[in-house]
> 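Take this structure, written in structure tokens, and hold onto it; I'll ask about it next.
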Amino acid sequence: MVAMGFNMIYNSTGIINLAQGEFVVLGGLMMVSLTMGADISIPVAFVITVLFVTVVGILMERFTINPVKPPTVMRLIIITVAVSILLKGSAMCFWGKESHYMRHFSGTEPYEIMGATILPQTLWIFGVLIIIVAGFIFFFNFTMTGKSMRACSINRDAARLAGINDRKMVMLSFALSAGIGAIAGIIVTPIIQMDYGRGALLGIKGFGAAVVGGLGNSIGAVAAGLLVGILEALGGGYISSHYMDAFALLILLIVLFIRPSGIFGSREASRLKEF
Amino acid sequence: MAESILELKNLCKYFGGVVAVDHLNITVEQGKIISIIGPNGAGKTTIFNLITGFVRPSSGKIFYDGKEINGLKPYVIAKMQIARTFQNVQIFPQMTVLENVMVGRHVRSRSGFIFSTLFPPVFRTEEKKIREDAMQFLDIVGISHFAKNTAGSLPLGNQRQLEIARALAVEPKLILLDEPASGLNTRETLNMGKLIEKIKKMKITVVLVEHDMELVMDISDKVNVVNFGRCIASGNPIEIQSDPDVIAAYLGG
Amino acid sequence: MGHRDYIGLIIMVVVVALIPRLIENDYYIGILVFTALNCLTCMGLCLLMGYAGQISLGHSAFFGLGAYATGILTVTLGWSPWAAMGAGACLAALVAVVVGVPSLRLKGHYLAMATLGFGAIVHIVFVAAVNLTGGPNGIAGIPHLHLFSFELSTDKSFFYFSWAAVILGLFFALNLIHSRVGRGLRAIHGSQDAAGSLGVNTARYKIQIFILSAVYASVAGSLYANFVNYIDPGPFDVMHSVLLVTMVAVGGMHNIWGALIGAVLLSILPEFLSALSDYFGGVGISYNPDYDMLIYGGILLAIMLFLPGGLFDGFRNLLRLSFNTMDNIKKRVFS
């Protein structure tokens, strides 16, 4: 899901949002406060959190990306880095440095399925993932707004000539990717316990999945995300759990070096996109 | 017949499904001004990119002075004394006009990393020579009064002149000019034409891609018409202007 | 090298010589030593980012490599600190080649992410390779450096030494910038294609400058180890890499003096802030070192949005503006 977030912003603007990981963190931490601290029910807290993080995403786009002229690559990268530091710092101030625990959505007794133990939360994760992917397929293929966004990503100038408000599309892409990041954070916090510092690692791994799947290709992103996750777990199990994170990062680096267009992306597409 | 300094033989380039250059055959005679013209999207800049090593041919060969140069990197091509300008002016905007041309002297100088790091400029006589030589090329092109200005602050016409001065600093035997008159008014275009003829007098072979027909017909020794990546006509300006295939290509017949 | 650069160097020498006379407090001298080490690293990074135009979000990995090379070689194998520093530099150069050759073919965001990933991996290795690096506990008992027969064990002596290193590094960097090679690098930054077409071997130059910046960082890291005599993986993480980039960007990445300014300002900022908060203590505003991150992020964002050339650029424009204004005033008054 983090990968999908990267793709959305990359598709509409050609930039990689290094603050993506922080959206995930914000989602998770906010959810914790609402459900554990304020004791709000999960569905309601879910909606509030997603809305909140989405607004943050919109603010980010409005104030830090849009006004930048000339939008040189270096400048934009550093700006997204700066925003991620700000978000991380705010998270630390509000939520402190400890990990935060959030209760599972529906109970903690693991199921036995085909010899593997699966937590019910994991099922929730997959369920949400499927809903999101389905939702996005529907959105991008069957709604006017979704198709407009795709048009923007393919050829921004042509889209503008066709009457599409490209600025709004960019803002929308930030909003969506922030929202999707938040959702990712929410559903995964019960299992991994969120803390303020996880953003960078989550972001890099999500980016890795996006690249492996072919930057810009969302189906590939999902597939790659699952693939990378499995490889990481396998690596952790067979090699050493300390190096688990390093393993996933190594995969990212190898893919970047050998085949930057990813598994599903086309070579021409990755070269034609301006960096 | 004059020696051919550049020969493109059966050159092909495919980008995915698009055929940019299709079995192209062009011969460039030494010391002449050869133009390549054709409708937009006919593959002209791709041809330049192929010659200068920015793009690898899908098949076919490029011969320069008898040697095969397809697939060589751009900096190697520059060392072989082939220089080029770009369709969208690629000057170094943050550097001064003089410094831009000094970069052009790169192939004519030697100081490497270690030497440059250890010894301050005071001890480097090469630097002084580079600066003086660069000034000369600014003179040739006629913009030496801009020497200390920031390159990015110059108007387009002067920027194009700067790019040419920089390319000339390489002391090339062959220079490729990619739409040098694009965006220039009539007076500037006339001056550009005079500059190109001056380059010919310096015994440098010029290959010119241009849309401005007056300029092309005025100064070219030979014109090649390219459409859909193929050379559809080749000859002197007068022959080309009355060639039915050419007329059809431009009018979309 | 312009006149201004020589003047700058002389001023630096004078200031560095004077400071220990004025500041007796060893704690502050120590801060200034760290500042010097940051300056050294940032200079290398500035050459890479501002002149060659390549971004590296993983540079503290090289800093850490130097530190750990010194730590491991001196403590476990009994090497002399100088030899260890040299070995560290060679290691950093080697790693720079291994990482740089594939990475520098990437552009823009891909490169940023690759360096980020690289930095993260190295940090994880520092933490996890317990047998080699001592894991989270690090390595203790790293010996001091000896300059000829003089042991650099006091804060003050190391202060002079580290700043001498900075001035030397600056000298080399300035030489490079004002040379044919430096021009080639700036050309790459201006337009990689055009630079290539003029005979600049862009791939090789990018690697070489990457190696140079890695060596600068590694030497700084070795000095760090020799100064504090103890290292752990803490200061060599992704956050530190980002901080280095912040220093260069805030100071002005297109000019090496800018990078120095950025490094100095952001190194002493925390001390300055806590001093301020003591001052404001009575008013009820308290300063928590945790706020550091927010402040750094805020400063970086503000500079990038409003003053992309960094403080150096802003300062220079300010000077130009004031000279122009004075000229205008003179014209009005005397005409």
Side-chain angles (χ1 to χ4, degrees), chain B residues 48-49 52-54 73-86 88-96 98-124 126-127 130-131 134 151-152 163 166-167 169-170 172 176 178, chain C residues 1-3 5-6 9 43-44 47 50-53 93 105 168-213 215-216 252-255 308-309 313:
Chain B
F48 272 14
N49 286 338
T52 50
F54 283 94
K73 294 243 171 68
Y75 76 93
V76 178
I77 305 275
K79 287 209 184 119
M80 298 171 86
Q81 295 173 283
I82 301 179
R84 75 170 288 179
T85 64
F86 293 87
N88 50 334
V89 182
Q90 296 281 347
I91 54 163
F92 307 124
Q94 316 269 33
M95 295 163 72
T96 67
L98 183 62
E99 283 174 330
N100 265 265
V101 183
M102 282 167 81
V103 179
R105 295 302 290 166
H106 202 85
V107 287
R108 294 273 158 198
S109 40
R110 281 183 327 134
S111 317
F113 234 89
I114 312 265
F115 184 73
S116 300
T117 318
L118 294 177
F119 297 103
V122 176
F123 294 127
R124 296 189 235 126
E126 190 181 67
E127 273 293 292
I130 293 177
R131 189 176 289 266
E163 220 187 12
R166 191 180 65 182
V170 174
L176 309 173
D178 199 347
Chain C
M1 231 193 283
H3 303 298
D5 291 324
Y6 279 119
L9 275 176
M43 275 198 289
L47 287 175
Y51 290 94
R105 278 187 296 171
L168 194 65
L170 189 58
F171 178 70
F172 289 147
L174 284 169
N175 285 343
L176 189 63
I177 291 168
H178 292 273
S179 72
R180 166 183 177 266
V181 172
R183 220 171 13 248
L185 286 173
R186 283 184 290 152
I188 295 178
H189 187 34
S191 162
Q192 198 164 311
D193 285 342
S197 76
L198 293 167
V200 176
N201 188 343
T202 52
R204 188 150 63 127
Y205 271 32
K206 287 201 277 190
I207 291 287
Q208 285 178 320
I209 201 74
F210 193 58
I211 294 176
L212 188 65
S213 69
V215 167
Y216 265 75
M253 68 171 100
H254 294 293
N255 189 301
D313 227 24

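FYI, side chains are in, hydrogens and waters are out, and symmetry mates aren't considered; it's all heavy atoms of this structure. Just so we're on the same page: letters track the sequence lines, and every chain starts at 1.
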> Which donor-acceptor pairs under 3.5 Å do the side chains of residues 195-203 of chain C make with protein atoms, sequence neighbours left out?
residue, atom, partner, partner atom, Å
C:Ser197, OG, C:Ala194, O, 2.7
C:Asn201, OD1, C:Arg204, N, 3.4
C:Asn201, ND2, B:Tyr75, OH, 2.9

> For B:Ile77, which atoms come within 4.5 Å of any heavy atom of chain C: side chain, backbone, both, or neither?
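Interface part for B:Ile77: neither.
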
> At a 4.5 Å cut-off on heavy atoms, which part of B:Thr52 comes close to chain C: side chain, backbone, both, or neither?
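For B:Thr52, no heavy atom lies under 4.5 Å from chain C.
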
> For the interface with chain C, which of B:Gln94, B:Glu163, B:Met80, B:Gln90 has the highest count of heavy-atom pairs at distances below 4.5 Å?
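So the answer, after comparing B:Gln94, B:Glu163, B:Met80, B:Gln90, is B:Gln90.
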
> Against chain C, label B:Val103 side chain, backbone, both or neither, depending on which of its atoms sit under 4.5 Å from a heavy atom there.
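Both parts, backbone and side chain.
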
> Which residue out of B:Lys79, B:Lys73, B:Met102 racks up the most heavy-atom pairs below 4.5 Å with chain C?
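The option with the most such pairs is B:Met102.
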
> Can you check whether B:Met95's main-chain N or O pairs, donor with acceptor, with C:Arg186's side chain at less than 3.5 Å?
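Side chain of C:Arg186 to backbone of B:Met95, a donor-acceptor pair under 3.5 Å: no, none is there.
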
> Output all residues satisfying ring pair (Phe, Tyr, Trp, His ring centres under 6.0 Å) with B:Phe48, sequence neighbours left out; order by chain, then residue number.
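By the ring pair (Phe, Tyr, Trp, His ring centres under 6.0 Å) rule, B:Phe48 matches no residue at all.
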
> Checking C:Leu212 against chain B: side chain, backbone, both or neither under 4.5 Å from a heavy atom?
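Contact with chain B: side chain only.
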
> Is there side-chain contact between B:Arg105 and C:Arg183, with heavy atoms separated by less than 4.5 Å?
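A side-chain contact under 4.5 Å is absent here.
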
> If you look at every heavy atom in C:Arg180 and B:Ser109, which pair is closest and at what distance?
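That closest heavy-atom pairing would be NE-OG, 2.8 Å.
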
> Based on non-hydrogen pairs under 4.5 Å, which of B:Ala83, B:Ala151, B:Pro74 is most in contact with chain C?
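The answer is B:Pro74.
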
